[in-house]
Amino acid sequence: AQTVTQSQPEMSVQEAETVTLSCTYDTSESDYYLFWYKQPPSRQMILVIRQEAYKQQNATENRFSVNFQKAAKSFSLKISDSQLGDAAMYFCAYSPYGGGADGLTFGKGTHLIIQP
Amino acid sequence: NAGVTQTPKFQVLKTGQSMTLQCAQDMNHNSMYWYRQDPGMGLRLIYYSASEGTTDKGEVPNGYNVSRLNKREFSLRLESAAPSQTSVYFCASSRPPGGLYGYTFGSGTRLTVV
């Protein structure tokens, strides 16, 4: 079974600074998808960014980018120019290439605090 | 707006009571999922349904039953609620493969069992 590990229960960053959230995963598959989800206090799960494992290029969405290291099974999220609205729980998640019974496997999350 | 609708949003149960959490999606997705979220544990898969009439156990199925009533609806039933089932429950759906087409989540149900 796949596992996803987020080793930072909580991170704090000054507004306008850059922060990196770490994620490692374990799988025997060669093709899969990786995600970062944001969960604000409203509880809604919001997709931040997605990476296909068969693509070597790191995904980018505005201020959010990932560092995908397939051999190391590492998938970190970098948030540039942090804003107060970025404060939330962030979850790293894995999905098998063919979908299937596992759906998404989540890490335990990182609570991101933005200091004004 | 199209999406995943969960009812109720909040519920308090007494130990031993039963209830059903309802989930409906209007995106014509084949796959639907139930997750529970506990503090410090992330989201864990309870049950999954690949299509109408099929269901599969996830990581934490004990104490739950599910029904895929039709393509739109996927319900989660607690037959005899226990305090350990106090959690936030999320329903999600996807067009397989979910990794390619994305997953859509409901807004969650906060359940407290006393």
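Note on naming: letters A, B, ... go to the chains in the order of the sequence lines (proteins, then strands), and numbering restarts at 1 for each one.
Highest contact tally toward chain A, considering only Gly102(B), Ala50(B), Ala92(B), Ser107(B), is held by Ser107(B) [criterion: heavy-atom pairs under 4.5 Å]. For the set Arg43(A), Met45(A), Met89(A), the count of heavy-atom pairs under 4.5 angstrom toward chain B peaks at Arg43(A).
Taking the six-membered ring where tryptophan is involved, the planes of Tyr25(A) and Phe68(A) are essentially parallel, since the angle between them stays under 30° and well short of 60°. Between Phe90(B) and Phe105(B), the angle of the ring planes goes over 60°, which puts this pair in the perpendicular group of the 30/60° scheme.
Asn30(B) and Ser51(B) form no side-chain donor-acceptor contact under 3.5 Å, judged by distance and modelled atom types alone. If you check the side chains of Asn70(B) and Glu73(B), you find a donor sitting under 3.5 Å from an acceptor.
For Gln37(B), the part sitting under 4.5 Å from any heavy atom of chain A is the side chain, from C-beta outward, and nothing else. With a threshold of 4.5 angstrom between heavy atoms, Phe35(A) approaches chain B through side-chain atoms but not through N, CA, C or O. For Gln39(A), the part sitting under 4.5 Å from any heavy atom of chain B is the side chain, from C-beta outward, and nothing else. Heavy atoms of Arg110(B) lying under 4.5 Å from chain A belong to its backbone as well as its side chain. With a threshold of 4.5 angstrom between heavy atoms, Arg50(A) approaches chain B through side-chain atoms but not through N, CA, C or O. Looking at Phe106(A), the atoms closer than 4.5 Å to chain B (heavy atoms on both sides) sit in the backbone and in the side chain alike.
Aromatic rings of Phe75(A) and Tyr94(A) (six-membered ring for Trp) have centroids beyond the 6.0 Å cut-off, not under it.
Residues Ser18(B) and Glu79(B) share a closest heavy-atom pair of CB-O, 3.1 Å.
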